[in-house]
Amino acid sequence: MPFSVATWNINSVRLRMSLVERFLREHQPDVLCLQETKCPDDLFPYEAFHALGYAHIAVSGQKGYHGVATISRRPLDGVERKGFCNIVDCRHLSAVVPVGVRRLRIHNFYVPAGGDEPDPAINPKFAHKLGFLEEMKAILADTGDGCSSMLLGDLNIAPLETDVWSHKQLLKVVSHTPVETEGLEFVRHIGGWSDLIRHHITPEQKVFTWWSYRARDWDLSDRGRRLDHIWGSPDLETDLASVTVLREARGWERPSDHVPVIAHFNL
DNA sequence: ATGGTGGTCATACCA
């Protein structure tokens with residue numbers, strides 16, 4: 001049975017609802033995980049999603065900052081919102097999607113960006129990011145309940161050398177410092193997760209999902225990073241059909257600085 | 001070494 005899931009840091013769902021609608025019409029993923037919705041739950045644009053056939057929506061939003069939402073054409077069961085680092089940020093949402101005889105738990109994450117200075121001693125935002133990673137080690141691919149699992153979202157870290165435009169020039173830049181890249185890889189390994197984007201696109205090949213707003217010509221300079229991820233329990237590796245990074249969406253009118261990433265499965 | 005752009009919510013804060 002074909003099944004697809006997408007992740008997209010939308011940077012304000014209300015401002016960019018027309019882009020979301022275009023994406024859903026053109027790609028029709030079964031499940032869309034949004035980050036940085038910047039939208040309180042009571043103001044979420046439910047109706048626009050319902051009109052496109054997405055009847056099942058779980059949100060964890062707050063005013064102005066952060067916020068995640070999981071939008072689905074199939075029922076969502078067992079919705080959970082985890083808190084991290086004793087801060088009331090809306091950065092996680094999980095739900096279980098029944099697909100045929102199988103059940104798929106989908107964790108939607110928005111990891112803290114971490115500020116500019118990569119030193120936890122002087123930058124509380126970076127300390128928060130490292131603390132968040134520490135607590136993410138508890139999110140396991142196999143929880144023994146018979147579900148396959150996915151962990152996806154804006155993890156704000158580009159772990160591999162080919163996940164950034166210049167490994168050497170970004171080694172001291174937040175998102176690609178060794179403490180972050182090694183930390184994220186540890187979270188992934190200890191949780192038993194497979195990096196599904198890299199399962200489909202070899203590590204030799206550069207892949208980016210984010211390009212800064214500050215570049216004069218993002219497309220020409222191509223100084224991107226792979227900050228958005230799709231991880232899965234190892235059983236999903238054999239079910240994975242393809243992964244699409246929708247680079248063209250960065251060139252849409254008034255774009256997000258992140259683009260959608262879609263994983264297609266045969267479950 | 002610096003500033004570059006964009007969103008939120010009304011003034012700086014965050015990315």
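In what follows, chains carry the letters A, B, and so on, assigned in the order in which the sequence lines appear, proteins first and then strands, with residues in each chain numbered from 1. What you see below is based on every heavy atom in this structure, not just the backbone, and it leaves out hydrogens, waters and symmetry mates.
To the nearest whole angstrom, the two P atoms, one in dC14(B) and one in dA10(B), are 15 Å apart. Nucleotides dA12(B) and dA1(B) are separated by 29 Å at their P atoms, to the nearest Å.
Rounded to whole angstrom, the span from the CZ atom of R14(A) across to the C1' atom of dG6(B) amounts to 16 Å. In this structure, the CD1 atom of I157(A) is 14 Å from the P atom of dA15(B), given to the nearest Å. Atoms CD1 (I87(A)) and P (dC14(B)) sit 11 Å apart, rounded to a whole Å. Y65(A) has its OH atom 11 Å from the P atom of dT8(B), to the nearest Å. At whole-Å resolution of the value, CZ in R223(A) and C1' in dG4(B) are 12 Å apart. Between the CG atom of D257(A) and the P atom of dG7(B) there is a distance of 9 Å, given to the nearest Å. For the pair K125(A) NZ and dA15(B) C1', the interatomic distance rounds to 8 Å; values are reported in whole Å. dG7(B) atom P lies 5 Å from atom OH of Y213(A), rounded to whole Å.
Put simply, K63(A) has a side-chain N or O that comes within less than 4.0 Å of OP1 or OP2 on dA10(B). OP1 or OP2 of dG7(B) lies within a sub-4.0 Å distance of a side-chain N or O belonging to R16(A). Phosphate proximity of dT8(B) to S12(A): present, with a side-chain N or O under 4.0 Å from OP1 or OP2.
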_Base-pairing string, 5' to 3', of DNA chain B - Watson-Crick or wobble, under 3.5 Å, | interstrand_ = ....((((...))))
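Using a 4.0 Å cut-off between charged side-chain N and carboxylate O, R102(A) and D235(A) make a salt bridge.
Residue pairs that meet the salt bridge (Lys or Arg N to Asp or Glu O under 4.0 Å) test with at least one member in residues 54-74 of chain A, sequence neighbours left out, are D30(A)-R74(A).
In this structure, D116(A) and F126(A) have side chains that are not in contact, with every pair of non-hydrogen atoms separated by 4.5 Å or more.
Between T238(A) atom OG1 and L236(A) atom CG the span is 7.5 Å, to the nearest 0.5 Å.
The nearest heavy atom of DNA chain B to K38(A) and to P112(A) marks one nucleotide each, and the one closer to the 5' end goes with K38(A). Positionally, the nearest nucleotide of DNA chain B for G64(A) lies more toward the 5' end than for the other of G64(A) and N9(A).
R22(A) forms a cation-pi arrangement with W252(A), by the criterion of a distance under 6.0 Å to the ring centre and an angle within 45° of the ring axis.
Checking each of K206(A), R225(A), R198(A) against D163(A) for a salt bridge (Lys or Arg N to Asp or Glu O under 4.0 Å) leaves exactly one that passes, namely R198(A).
Nucleic acid contact for R254(A): sugar-phosphate only, since backbone atoms but no base atoms lie under 4.0 Å from a heavy atom of the residue.
Aromatic ring centres of W165(A) and F208(A): separated by at least 6.0 Å.
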